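The chains referred to below are lettered A, B, ... by the order of the sequence lines, with proteins before strands, and numbering in each begins at 1. Side chains are part of it too, since the values below use all heavy atoms of this structure and drop only hydrogens, waters and symmetry mates. Values in this document were obtained by computation on a predicted structure and should not be read as measured data.
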Amino acid sequence: MRALLSEAVQPAMFEKFAASSSLTLARLSSFAEPSSSRRTEDRDAVRVVRMASGDEGALAELYDAYGATTYSLALAVVKDSQDAEDVVARTFAQLWRGAASFDAARGTVGAWITMTARSRALDLLRTRKRELRLLERASTEVETGFAAPQGGMSAVASDEAEQNETAELVRASLASLTFDQRNVIALAFFEGLSHSEVAARINEPLGTVKTRIRTGLQRLRAALAPTLGKGAP
Amino acid sequence: MSEHRTTAHPEAELASSWVLGALDAKEAAEFEAHLASCAECRDAVRDVRETLALLAHAAPRVAPPAALRERVLREAGTAQSTAQSSARPLVGASARAPRAWLPSRAGWFAAAASLVLAAALGAKLREERGARAAVEGALARSERVAAERDSLLSAVLAADVVTGRLVSTGVIAPALRVYWQKTSGVVVLAGAAFDHPAPGRTYQLWGIHAGGPPQSLGTFVPDSSGAVRAVLRVPVEAAMETVAVTEEAAPGSAKPTSAPFLAGALGAK
């Protein structure tokens, strides 16, 4: 029987990273050159064009670049390694099918992959929660528990150094947000809660939640400006 | 990009919430309609999406299984529809059936059918005076626990759920109820008095449609009290009239390797 999901998920995802990051924001600008992110964007855009003409090698390259990030995100949302694999497979299948209609003006390939994976993961999470509700009705006691992410916790290969570097930058940037801002963003991003659901979860007014998400993301964006290749905000 | 751009008109403030999916249905529809004609908001959406996408890096980094790469390349190449890829097989597709000791598929069906018939006859028998008391006592333990859950389920499940009650002809035997919501493909099992399978073994549920081969619906094991609570998923278009349970080697078998010890017919509630 698959491990059941718990409703009482703590959005503490960001906290340990914010606290333990060894980088300070002052040092960030020396790590990221705007040009490196532009090179990545161009490289990925070419890969999508290649995929549109049926080049499976281009898909493989994109998987090698983004597979671990996508899998980690999916696992954080659905908390089951098999479900996370399904999410990754669906995401890249969707990328493959939609390669010809990919519009670079709407954003980078990396963002497309990540946000698509997030959507598929949240879809699956909702499905599993529906099943859990059905099962809960069938039983007077239900095992709940925070299912720890399964799957290898092995070190990531060295050729993903770029992803690791981005991860460090993101974690350091999150440290510039307040706890409250990180909290609401984590609930909305990793659990897919709506404004009112977030407000209910943390017992705060709806207006407060909306403002916190907005200002939190503004601050995050400013802190990530070097990574986003936008230079000074 | 300075902040004043994001407050140029009220809709611009909604960009981050929309990308997160945090707007309610009405707000989202209004914002999407606005997006069609507003380049500034489309830019804001793009910028928010790029920022949010980086949050994926905040998740604990876990290496995917090596086999996933091959699966991704294989599935993309075969251009599966989303409907296909959503039905994850619950039993490993690579499970190889051990040598079956049943002489034929017909033999297996005969065994299942006779169980179903015996169950129906047994139920009739229990209603008759004299036989009732003796059998009732024996069934009491396995029936009572299942009955509690039965009434709960019957009361709350949707009208489009079909149920089946599986019994065995043994005197003390496991009892199992199957609840199948066709529209969602969700199958809920509620059972009692199951012995725990031997190490390396598991119980497997099979669905049978119009005399075709038994289709695996998934595997399950009881908890320490012998109760079964499991949720399985079947394809939404699945059709079956009979379900049966066998014991198999874990993690399940492509085909049943023994006669079922539980069987029942599915019908409307």
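For B:Arg69, the side chain to side chain donor-acceptor pair (under 3.5 Å) test picks out A:Asp64, with sequence neighbours left out. Residues satisfying the side chain to side chain contact (heavy atoms under 4.5 Å, CB included) criterion with A:Ala167, sequence neighbours excluded, are A:Arg171, B:His57.
Side chain to side chain, B:Trp18 and B:Glu27 fail the donor-acceptor criterion of an N or O pair below 3.5 Å. With 3.5 Å as the limit, one finds a donor-acceptor pair spanning the side chains of B:Ser216 and B:Gln204.
Interface residue A:Thr127: only side-chain heavy atoms are found under 4.5 Å from chain B. Residue A:Ala117 does not touch chain B at all, counting heavy-atom pairs closer than 4.5 Å. Neither the backbone nor the side chain of B:Val45 comes within contact range of chain A, judged by heavy atoms closer than 4.5 Å. Residue contact with chain B, scored on non-hydrogen atoms closer than 4.5 Å, involves the side chain of A:Thr114 exclusively.
Within a 6.0 Å radius of CZ in B:Arg201, more than 12 heavy atoms belonging to other residues, nucleotides or ligands are found.
Counting heavy-atom pairs under 4.5 Å between each of A:Thr108, A:Leu73, A:Ile213 and chain B puts A:Thr108 at the top. Most heavy-atom pairs under 4.5 Å with chain B: of the set A:Arg118, A:Glu197, A:His195, this distinction falls to A:His195. Taking chain B as the reference chain and counting heavy-atom pairs below 4.5 Å, the highest number among A:Gly107, A:Ala74, A:Gly54 is found for A:Gly107. Residue with the most contacts toward chain A among B:Ser17, B:Gly21, B:Ala67: B:Ser17 (heavy-atom pairs, distance under 4.5 Å).
When atom types are taken as modelled, the side chain of B:Arg42 and the backbone of B:Ala36 share a donor-acceptor pair closer than 3.5 angstrom.
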